[in-house]
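Report on the following structure.
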2 protein chains.
Amino acid sequence: MATGRTHRPATRSRGIPEATVARLPLYLRALTALSERSVPTVSSEELAAAAGVNSAKLRKDFSYLGSYGTRGVGYDVEYLVYQISRELGLTQDWPVVIVGIGNLGAALANYGGFASRGFRVAALIDADPAMAGKPVAGIAVQHTDQLEAIIRDNGVSIGVIATPAGAAQQVCDRLVAAGVTSILNFAPTVLTVPDGVDVRKVDLSIELQILAFHEQRKAGEETGPETGPSAPVAPTTAAAAAAAAAADRKGPDGDVPAVMPA
Amino acid sequence: MATGRTHRPATRSRGIPEATVARLPLYLRALTALSERSVPTVSSEELAAAAGVNSAKLRKDFSYLGSYGTRGVGYDVEYLVYQISRELGLTQDWPVVIVGIGNLGAALANYGGFASRGFRVAALIDADPAMAGKPVAGIAVQHTDQLEAIIRDNGVSIGVIATPAGAAQQVCDRLVAAGVTSILNFAPTVLTVPDGVDVRKVDLSIELQILAFHEQRKAGEETGPETGPSAPVAPTTAAAAAAAAAADRKGPDGDVPAVMPA
DNA sequence: GACTGTGAAATTCTTCACAGCA
DNA sequence: TGCTGTGAAGAATTTCACAGTC
């Protein structure tokens with residue numbers, strides 16, 4: 001994912017496997033739900049069911065964090081919430097900026113889960129001058145010109161990119177230059193970043209395509225190969241490709257005005 | 001993921017690894033961009049760079065599809081676009097319904113990548129009677145009452161859930177009962193589905209938490225353990241947990257009832 | 001007796017390195 | 001010569017199964 005070097009020093013220091021890290025938020029969510037219901041302890045079996053994984057995997061995952069359970073009893077919910085939160089770095093406050101306030105950016109700004117789990121929306125940034133000053137989710141949108149100042153003034157290290165694909169790399173470069181070292185990318189583009197910067201991407205179109213693959217397979221099993229569940233279309237390859245590429249250029253929000261050549 | 005049996009009978013030929021399937025959309029996107037620029041052929045090295053993977057992996061991935069390249073030359077762009085599209089089931093038309101037309105649902109409806117890559121938004125569905133009839137992305141929102149009829153009339157097999165977490169399982173059950181067999185879930189909940197139904201989830205909060213984990217580690221490497229990049233907060237564990245759980249219940253869009261101030 | 005923690009086996013995924021073909 | 005296709009090695013992840021502890 002990163003660049004050049006011998007991959008990343010990555011999951012080395014504490015030795016928590018990446019796959020485990022990716023599941024910790026899942027466990028945390030299930031645990032907070034239990035905590036809310038004042039459930040004092042859970043077994044690996046119960047918690048695993050709530051998190052949608054199997055219990056052996058969960059126990060193995062927790063074993064990387066330490067021995068936080070009690071044999072014959074289970075895990076103390078509150079204690080485990082704390083330990084996982086700490087491990088994930090959620091006991092501190094992470095200021096986040098969202099760049100590109102189209103439909104998606106607005107949805108993200110309004111997303112309750114942001115504000116409450118250690119993340120604070122420090123600023124909303126858009127390239128459209130007409131957006132400047134408008135309140136979205138109670139926060140006034142600021143112009144892209146302010147990007148570097150906002151990052152530095154707020155000590156922002158996490159940036160969310162919800163711009164059209166065409167603007168994403170440029171925005172990314174500016175974020176990184178200003179000091180951001182983690183990026184969540186919603187634009188359908190591969191971002192190039194220097195070593196030491198983490199990028200995670202969320203791509204709606206990709207997820208749907210993966211579903212389509214499995215869906216097609218199901219259909220094929222029932223009715224034989226090459227049979228679709230609905231009106232088969234078979235568009236001209238070139239035309240479809242062009243349309244898809246054009247759509248990508250519009251960005252996650254379609255043609256909604258967002259950040260553009262600043 | 002699905003059946004209790006020995007998983008898939010692995011119908012001889014088609015043994016494409018899941019990891020490979022997940023990358024095909026990435027290759028497809030890079031290829032469509034090349035196709036648009038009328039580039040006739042690419043080497044594995046070039047295409048891999050464009051897709052953000054390494055070339056050995058790409059060649060291995062393609063080897064599961066067949067031998068579509070030419071030694072000493074590379075891959076024919078158009079041909080590969082077609083082959084991957086076919087493999088992913090994108091040469092047919094997939095009607096999709098989006099349930100939950102809040103900020104996020106509206107963003108999804110407006111997402112250009114949906115419409116152009118084999119997916120067609122067949123309907124937008126919301127539980128709020130006030131939303132019924134309102135046009136979002138050019139499509140009139142329909143009430144949840146119509147869900148089953150819509151699914152059946154349109155032969156929908158893929159559903160997108162963008163409702164609050166509390167409604168997600170119920171919506172999921174109805175979708176599945178009506179015939180949907182693939183679900184893309186944006187609600188921060190684990191969905192339970194019968195065998196044969198695929199669920200993929202997209203969770204903004206989880207992605208951010210994973211970034212925070214790595215971010216924390218970076219900070220720790222520089223300045224020693226337990227040092228934050230910003231104002232450390234250390235909230236009461238129980239309070240934080242309750243707040244987080246409460247936020248989840250509000251759903252991906254927070255508590256905003258409907259479409260943004262368009 | 002119940003349930004965790006964990007070596008070891010099994011499986012999946014990635015990378016290497018080179019044979020083989022245009 | 002240049003680049004694909006792929007066995008084989010290596011790494012990561014998942015699962016098994018059971019010893020250990022409360």
Side-chain angles (χ1 to χ4, degrees), chain A residues 1-12 14-24 26-27 31 34 39-77 79-80 83-84 210, chain B residues 1-8 10 13-24 26-27 31 34 39-77 79-80 83-84 210:
Chain A
M1 185 171 269
T3 42
R5 305 188 66 94
T6 324
H7 200 49
R8 101 187 30 215
T11 327
R12 211 27 73 67
R14 236 343 180 192
I16 303 180
E18 193 53 37
T20 294
V21 172
R23 282 187 295 267
L24 291 181
L26 231 50
Y27 302 143
L31 283 164
L34 292 170
V39 176
T41 59
V42 257
S43 67
S44 62
E45 203 70 56
E46 294 166 321
L47 185 54
V53 304
N54 84 33
S55 64
K57 195 187 289 185
L58 178 143
R59 288 200 303 278
K60 186 61 122 182
D61 283 342
F62 286 176
S63 79
Y64 295 116
L65 308 184
S67 291
Y68 296 148
T70 306
R71 290 165 203 246
V73 179
Y75 301 92
D76 181 275
V77 171
Y79 186 57
L80 203 46
Q83 290 299 343
I84 295 179
I210 295 172
Chain B
M1 179 173 270
T3 54
R5 303 189 66 94
T6 325
H7 200 50
R8 202 168 292 286
S13 49
R14 284 319 195 240
I16 303 182
E18 192 54 37
T20 294
V21 171
R23 281 187 296 267
L24 291 181
L26 230 50
Y27 302 144
L31 284 164
L34 293 171
V39 176
T41 60
V42 259
S43 67
S44 62
E45 203 70 56
E46 294 167 321
L47 184 53
V53 304
N54 85 31
S55 64
K57 195 188 288 183
L58 177 143
R59 287 200 303 278
K60 186 61 122 184
D61 283 342
F62 286 177
S63 79
Y64 295 116
L65 307 184
S67 290
Y68 296 148
T70 307
R71 289 166 203 247
V73 179
Y75 301 91
D76 181 276
V77 172
Y79 186 56
L80 203 47
Q83 290 298 344
I84 295 179
I210 296 171

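Throughout, protein chains are lettered first and strands after them, A, B, ... in sequence-line order, and every chain is numbered starting at 1.
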I'd like to know whether Ile210(B) forms a side-chain contact (heavy atoms from CB on, under 4.5 Å) with Glu18(A), so could you lay out the CA-CA distance, the side-chain angles of the two residues, the decisive distance to 0.1 Å, and finally the verdict. CA-CA 9 Å; Ile210(B) 296 171; Glu18(A) 193 53 37; 4.0 Å; yes

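OP1 or OP2 of dT14(D) sits under 4.0 Å from a side-chain N or O of Arg23(A). Contact annotation: Ser44(A) does not reach the phosphate of dC3(C) (side-chain N/O to OP1 or OP2, under 4.0 Å). For dA2(C), the OP1/OP2 oxygens have no side-chain nitrogen or oxygen of Tyr75(A) closer than 4.0 Å. For dT14(D), neither phosphate oxygen OP1 nor OP2 lies less than 4.0 angstrom from any side-chain nitrogen or oxygen of Asn54(A).
Here the straight-line distance linking atom OH of Tyr27(B) with atom CG of Leu47(B) works out to 8.0 Å at 0.5 Å rounding. Here the OG-OH distance, from Ser67(B) to Tyr75(B), works out to 8.5 Å after rounding to the nearest 0.5 Å. Distance check, rounded to the nearest 0.5 Å: CZ of Phe62(B) to CG of Leu80(B) gives 4.5 Å.
The listed nucleotides are dT6(D), dT14(C), dT6(C); the one nearest the side chain of Ser67(A) is dT6(C). Closest approach to the Ser43(A) side chain among dT6(D), dT14(C), dT4(C) is made by dT4(C) (side chain taken as heavy atoms from C-beta onward).
To the nearest angstrom, P of dG7(C) lies 20 Å from NZ of Lys57(A). Between the P atom of dC16(C) and the CG atom of Leu58(B) lies a distance of 15 Å, rounded to the nearest Å. Nucleotide dG5(C) holds its C1' atom 12 Å from the OH atom of Tyr64(A), rounded to whole Å. Distance, Phe62(B) CZ to dC3(D) P: 16 Å, rounded to whole Å. Summarising the geometry, the separation between CG on Asp61(A) and P on dT15(D) is reported as 11 Å, rounded to the nearest angstrom. Between the CD atom of Glu45(A) and the P atom of dC16(D) there is a distance of 12 Å, given to the nearest Å. At whole-Å resolution of the value, CZ in Arg59(B) and P in dC3(D) are 11 Å apart. In this entry the distance linking CD of Glu18(B) with P of dT14(C) reads 11 Å, nearest Å.
In plain terms, the two heavy atoms of Val42(A) and Leu34(A) that are nearest each other are CG1-CD1, 3.2 Å.
Judged by distance alone with a 3.5 Å cut-off, a donor-acceptor contact links the side chain of Arg71(B) to the base of dT4(D).
In terms of position on DNA chain D, the residue among Lys60(B) and Thr70(A) whose nearest nucleotide sits closer to the 5' end is Lys60(B).
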